[in-house]
Novice: 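Below you will find the structure I want to go over with you.
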There are 2 protein chains.
Amino acid sequence: MSGRGYHHGNLRNALLAAASELVRERGARGFSVSEAARRVGVSSSAPYRHFPDRDAMLAAAALTGFVELEERFESLPVVQTFTDTAAHIAAEYVRFAREDPSRFEMMFAHGIDKSKHADLLQQTFRVQERFEAALAQHLQPTESIRRYSAELWSIAHGAATLAIGENMQHLVPDTQISELASSTATAWAQGITEASGS
Amino acid sequence: MSGRGYHHGNLRNALLAAASELVRERGARGFSVSEAARRVGVSSSAPYRHFPDRDAMLAAAALTGFVELEERFESLPVVQTFTDTAAHIAAEYVRFAREDPSRFEMMFAHGIDKSKHADLLQQTFRVQERFEAALAQHLQPTESIRRYSAELWSIAHGAATLAIGENMQHLVPDTQISELASSTATAWAQGITEASGS
DNA sequence: CCTCAATGTGAGAGCTTTACACATTAGAGT
DNA sequence: ACTCTAATGTGTAAAGCTCTCACATTGAGG
């Protein structure tokens with residue numbers, strides 16, 4: 001079942017696990033196919049039976065990150081207002097990013113060509129749909145839900161990336177970034193609801 | 001003066017220029033010290049007389065990006081309201097990012113250790129101060145200007161990074177991301193002004 | 001004019017990705 | 001049960017990268 005014989009038996013998954021671990025330890029740039037293979041105990045060319053190249057391996061690891069992110073929002077508690085919903089989503093998003101900053105970085109690494117890894121884009125889309133579903137509960141169907149979810153995503157994503165890039169240290173303590181995101185989302189949501197009177 | 005003799009004469013700057021060009025062409029991950037040296041016409045070890053390592057070279061190139069970004073906001077036209085100011089800043093930020101996505105990516109690459117490159121953090125801070133100065137014109141001195149500028153930065157940065165990471169293609173056409181950022185900022189600013197009655 | 005600190009070179013150690021020929025084995029068919 | 005094949009793992013090696021070190025060259029100050 002596990003690493004015994006000539007054939008590993010579950011190499012693809014073992015490599016993905018090792019990759020995630022490596023990324024957490026050394027960051028997305030510190031990851032190498034060789035090291036992942038070494039940790040799993042196979043030769044350095046074995047991974048290429050399962051992934052066409054290094055980027056594909058990272059993309060597959062990133063995919064698992066997006067799946068976890070989606071699950072995270074599946075179980076998001078239902079709250080009363082549009083504003084509170086937006087605030088909760090933004091805060092949760094930042095919390096996810098801060099839990100494992102390197103994984104988050106990898107998930108959105110610009111090096112990964114989305115057009116070459118359609119499954120990644122697909123899963124990104126599913127996360128997006130969670131946002132839409134949550135917001136839709138408090139909006140009229142005629143309103144531009146898609147647009148709003150994109151805007152909310154921007155807010156959450158900006159706070160998350162600036163935080164884990166250590167760009168906000170002198171402005172806001174790291175532990176309060178989640179709160180920053182939720183208050184940004186709150187103001188944004190109020191601007192919307194007061195304007196359109198929803 | 002230029003690349004003639006044994007000594008180049010201006011190698012450091014020439015390397016930085018080559019680095020920026022390389023990053024624009026091949027992305028931050030496609031950059032290599034060797035290739036930059038090759039383009040400038042020096043041996044592959046020459047750059048190490050001017051930069052301790054690859055990351056330092058990238059950080060120095062990123063620094064020039066931040067300087068340009070600051071200049072960009074220095075000449076930002078003064079507008080009437082808090083809301084319009086926020087909208088203009090966000091839109092301009094996204095425009096900057098989209099002009100040379102790879103450079104923008106490099107500027108915020110998580111691989112660069114900000115604590116090791118204090119000048120970078122310093123310059124980031126100066127950009128931040130531009131934001132504050134612009135917003136301050138429309139706020140009472142008692143209001144938390146720093147906090148607001150951090151929130152606005154989040155909004156702009158989120159839209160910019162999602163856009164250049166090709167994560168928004170199915171939601172909003174790339175050409176409209178700048179408009180997305182400005183309308184997000186608008187809602188946010190209205191939420192703030194209507195709440196506090198400024 | 002002379003020297004020395006700064007700057008560039010060449011060779012090379014030790015990584016990495018990836019291709020390719022070859023070895024091994026699980027499991028489908030008979 | 002037995003075979004054969006496709007899938008999976010190995011070993012080697014080419015090409016390229018980062019970075020070090022001893023050595024070469026030269027501009028500028030004394």
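Chain letters run A, B, ... following the sequence lines, proteins first and then strands; every chain starts at 1.
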Novice: Rounded to the nearest 0.5 Å, what separation is found between the CD atom of A:Q169 and the CG atom of A:D174?
Specialist: 6.0 Å
Novice: Can you name the nearest heavy-atom pair linking B:K114 to A:G165, along with the distance?
Specialist: CE-O, 3.5 Å
Novice: In whole Å, I'd like the distance from the CG atom of B:D55 to the P atom of D:dC19.
Specialist: 7 Å
Novice: Mind checking B:R38 for me? I need base, sugar-phosphate or nothing, with any heavy atom below 4.0 Å counting as a touch.
Specialist: sugar-phosphate
Novice: Between D:dC17 atom C1' and B:E35 atom CD, what is the distance in whole Å?
Specialist: 12 Å
Novice: Both A:R49 and A:R54 contact DNA chain C. Which one's nearest nucleotide lies toward the 5' end?
Specialist: A:R54
Novice: For B:S32, answer base if it contacts any base atom (sugar-phosphate contacts may also be present), sugar-phosphate if it contacts only those atoms, and nothing otherwise; contact means non-hydrogen atoms under 4.0 Å.
Specialist: sugar-phosphate
Novice: From CG of B:D53 over to C1' of D:dC21, roughly how many Å is that when rounded to an integer?
Specialist: 17 Å
Novice: Tell me if the aromatic rings of A:F104 and A:H157 count as close, with their centers under 6.0 Å from one another.
Specialist: yes
Novice: Report the relative orientation of the aromatic rings in B:F66 and B:F108; use parallel for angles under 30°, tilted for 30 to 60°, perpendicular for over 60°.
Specialist: perpendicular
Novice: Could you check which of D:dG9, D:dT25, D:dC17 has an atom nearest any side-chain atom of A:H8?
Specialist: D:dG9
Novice: Looking at A:R126, I want to see if its CZ is surrounded by more than 12 non-hydrogen atoms of other residues, nucleotides or ligands under 6.0 Å.
Specialist: no
Novice: Of the listed nucleotides (D:dA24, D:dG11, D:dG9), which one gets closest to any side-chain atom of A:S45?
Specialist: D:dG11
Novice: Taking heavy atoms of chain A and a 4.0 Å limit, find me the 5'-most and 3'-most nucleotide of DNA chain C within that range.
Specialist: C:dT16 to C:dT25
Novice: Has A:Q80 got more than 12 heavy atoms of other residues, nucleotides or ligands less than 6.0 Å from its CD?
Specialist: no
